[in-house]
Amino acid sequence: MRALLAACVLAMPGMAPAGDFFTLKGHGGPIMDIAVSPTGQIATASFDNSVGVWDGKTPRWLEGHRAAVNAVRFMGGFAVSAGDDFALELWDLATGDETRLEGHRGKVMALDVAPDGTIASASWDGTVGLWKDGAPRFLEGHAQGVNDVVFRADGQTLYSASADGTIRIWDVAEGAETQLLLRHGFGVNEMILTESWLAYGAVDGVTRVIDPVTGDKIADFSLDRRPILAMAVSPDESRIAVGDGEGFIMVIDTTTWKIERDFRATARGPVWALAFSPDGENIHAGGLDDVMYSWPIETMDQHGQMTTGARTFLEDPATLPNGERQFKRKCSVCHTLTPSSARRAGPTLYNLFGRRAGTVEDYRYSPILTGSDIIWDEDSIDALFDEGPDHYIPGSNMPMQRIVKRTDRDDLVAYLKKATKPEGGN
Ligand code: HEC
């Protein structure tokens with residue numbers, strides 16, 4: 001089976017096998033965004049700080065971001081990505097050259113590219129960035145972070161959606177807001193824009209289609225599954241796909257405005273990233289897993305779910321000692337216990353005890369951790385999860401996570417002590 005797929009990929013360089021269910025493996029953390037080129041080439045943006053550009057199933061890694069990557073788009077022979085390091089990276093796919101675009105003062109959550117090559121960026125600093133040749137412009141007007149940006153097909157008008165609950169329209173040449181299209185009340189996360197409709201998804205689970213000029217309602221698909229985290233449109237605009245925090249992917253037919261499929265894609269956890277194949281037959285999806293899944297829409301429900309946490313549950317969790325279970329559930333998606341960090345989102349915890357923070361060689365830390373004088377031992381690891389990384393080491397790239405129960409922390413630390421020992425790691 002694997003050999004067959006490999007042969008089929010070799011025959012079509014740059015192409016993923018079409019019409020089949022397949023997965024792309026190699027990232028070391030959750031997949032946050034997916035882009036598809038007109039020829040079907042796939043790019044993935046990951047929490048592991050890298051962008052994968054896939055030649056069939058073989059990844060090429062674009063490394064340059066210093067934190068999680070939230071967005072990626074193709075543009076001609078280039079790719080552009082953006083992330084939690086407040087920066088955009090422009091990648092020349094032929095030479096591998098990288099240009100860093102800086103100026104945002106918050107995480108960058110989404111990107112779009114106009115036909116003339118102007119890049120728009122949505123940032124939690126509350127601005128929309130416009131990047132073209134010279135100095136960037138930053139459009140101000142939203143009261144909170146901007147979650148998404150989309151150009152109209154002509155590239156002269158831009159729509160932005162924000163945590164402040166509004167969708168605003170901007171004149172790109174003027175850099176000025178021309179219309180407040182929508183006040184939703186809850187944060188708007190995602191938008192799809194065509195010439196005749198705009199679909200949006202919000203924090204409160206609302207999925208709605210409106211007229212892109214008047215804001216009048218065209219259709220509503222809210223199923224009370226919150227929040228809406230991903231949306232994609234097929235290249236011929238005949239279908240949209242919607243992914244939510246409860247792990248469903250809903251496919252909507254835009255000619256009839258009917259729900260065509262509603263598929264539970266993950267046993268638990270979010271669908272963060274969605275994209276269609278160029279023929280519109282497959283949906284590529286990403287979530288908490290470090291794997292990208294691609295389902296043929298016709299047979300989606302016959303191929304099972306994303307294995308969110310499956311690696312963690314290969315053994316029956318009930319039979320694992322508590323410390324090991326804590327690690328497998330809460331840490332192993334981002335950390336190995338082997339000498340190599342293996343491209344996971346965080347550094348290996350191999351040989352952790354007595355180690356100074358920020359010193360694993362094959363891992364690129366945030367400056368906060370590199371400059372820290374913390375030594376990892378029972379007490380500091382306990383404090384890290386008693387207070388939560390956001391309090392114990394503010395500004396680091398560790399996700400917010402507390403382990404509230406003292407016995408759980410004790411068991412975890414005891415397990416780590418054993419499992420991170422150079423001769424005891426596995
Ligand atoms: C979603 C990913 C993720 C999860 C889950 C996660 N971590 Fe981390 N962890 C990171 C990242 C990213 C860093 C590096 C932070 C930086 O560079 O600022 C890190 C750093 C660390 C460090 C510091 C290591 C060093 O070399 O200085 C320790 C210790 C740690 N994590 C322990 C844990 C434990 C224990 C758990 C489970 C309870 C856990 N982490 C869960 C992503 C994660």
Side-chain angles (χ1 to χ4, degrees), residues 27-32 45-50 63 65-70 83-86 107 268-270 272 286-290 308-309 311-312 320 322-422 425:
H27 272 298
I31 292 177
M32 312 300 292
S46 168
F47 199 95
D48 71 5
N49 300 7
S50 72
E63 314 264 10
H65 280 290
R66 294 161 197 169
V69 191
N70 299 318
D84 278 3
D85 57 358
F86 305 1
K107 298 181 178 185
R268 63 193 168 88
W272 265 316
L288 270 182
D289 269 342
D290 47 19
T308 306
R311 175 167 64 209
T312 346
L320 290 179
N322 186 41
E324 184 172 359
R325 188 164 74 228
Q326 294 292 324
F327 176 78
K328 295 213 157 146
R329 274 200 182 161
K330 297 178 181 166
C331 323
S332 68
V333 68
C334 297
H335 293 288
T336 60
L337 300 172
T338 57
S340 156
S341 296
R343 312 194 44 78
R344 299 251 170 106
T348 177
L349 300 184
Y350 180 78
N351 207 4
L352 178 66
F353 285 74
R355 186 168 100 194
R356 212 182 118 189
T359 53
V360 167
E361 298 248 320
D362 71 351
Y363 184 78
R364 199 164 183 183
Y365 291 90
S366 68
I368 297 283
L369 226 67
T370 319
S372 159
D373 50 16
I374 294 172
I375 307 284
W376 294 118
D377 59 17
E378 285 96 332
D379 294 335
S380 54
I381 298 170
D382 181 77
L384 181 63
F385 292 102
D386 184 12
E387 298 170 33
D390 45 320
H391 289 278
Y392 190 66
I393 316 180
S396 91
N397 288 339
M398 278 191 246
M400 264 187 254
Q401 156 156 269
R402 286 190 59 208
I403 299 177
V404 179
K405 261 171 75 180
R406 151 119 252 161
T407 49
D408 285 347
R409 292 199 308 275
D410 287 348
D411 291 347
L412 173 67
V413 167
Y415 169 73
L416 284 175
K417 235 182 141 175
K418 187 163 57 88
T420 61
K421 265 203 206 131

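In listed order, ligands and their atoms are each counted from 1. Because only heavy atoms are used, hydrogens play no part in the values below, and waters and symmetry mates are left out as well, while side chains stay in.
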Looking at Val404, is its backbone amide N or carbonyl O close enough to the side chain of Arg409 to form a donor-acceptor pair, meaning the two atoms are under 3.5 Å apart?
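Yes, Arg409 side chain to Val404 backbone: donor-acceptor pair under 3.5 Å.
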Hey, does Arg364 sit under 4.0 Å from ligand 1 if you only count heavy atoms?
no
May I ask whether Tyr363 places a heavy atom under 4.0 Å from ligand 1?
yes
Could you list which atoms of ligand 1 come closer than 4.0 Å to a heavy atom of [X]?
X      : result
Ala357 : 27 (O)
Ser396 : 18 (O)
Ala345 : 12 (C)
Phe47  : 1 (C), 2 (C)
Gln401 : 37 (C), 38 (C), 41 (C)

Starting from [atom], find the nearest protein heavy-atom neighbour and note its residue, name and distance.
atom                    : result
atom 11 (C) of ligand 1 : Gly346 CA, 3.7 Å
atom 2 (C) of ligand 1  : Cys334 SG, 1.9 Å
atom 22 (C) of ligand 1 : Met398 CE, 3.9 Å
atom 38 (C) of ligand 1 : Cys331 SG, 2.7 Å

What I want to know is whether [X] and ligand 1 share at least one N or O pair that is separated by under 3.5 angstrom.
X      : result
Ser366 : yes
Lys330 : no
Arg356 : no
Arg355 : yes

Going by atom types alone, do Ser366 and Ser396 pair a side-chain donor with an acceptor below 3.5 Å?
no
Can a side-chain donor-acceptor contact be found between Asp410 and Thr407 if the only test is distance below 3.5 angstrom?
no
I'd like to know: is atom 8 (Fe) of ligand 1 within the 2.8 Å range of an N/O/S atom from His335, strictly under that distance?
yes
Pairing of Asp382 and Arg406 as salt bridge, 4.0 angstrom limit
yes
Does ligand 1 have a heavy atom under 4.0 Å from the side chain of Asn397, from its backbone, from both, or from neither?
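For Asn397, the contact with ligand 1 is made by both the backbone and the side chain.
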How close do [X] and [Y] get, heavy atom to heavy atom, and via which atoms?
X      : Y      : value
Gly323 : Tyr415 : C-CB, 3.7 Å
Lys417 : Thr420 : O-OG1, 3.9 Å
Val360 : Asp362 : CG1-OD1, 3.2 Å

For a side-chain contact (heavy atoms from CB on, under 4.5 Å) check, start with the C-alpha distance between Trp376 and Leu384, then their side-chain angles and the critical distance, and finish with the verdict.
CA-CA 10 Å; Trp376 294 118; Leu384 181 63; 3.8 Å; yes
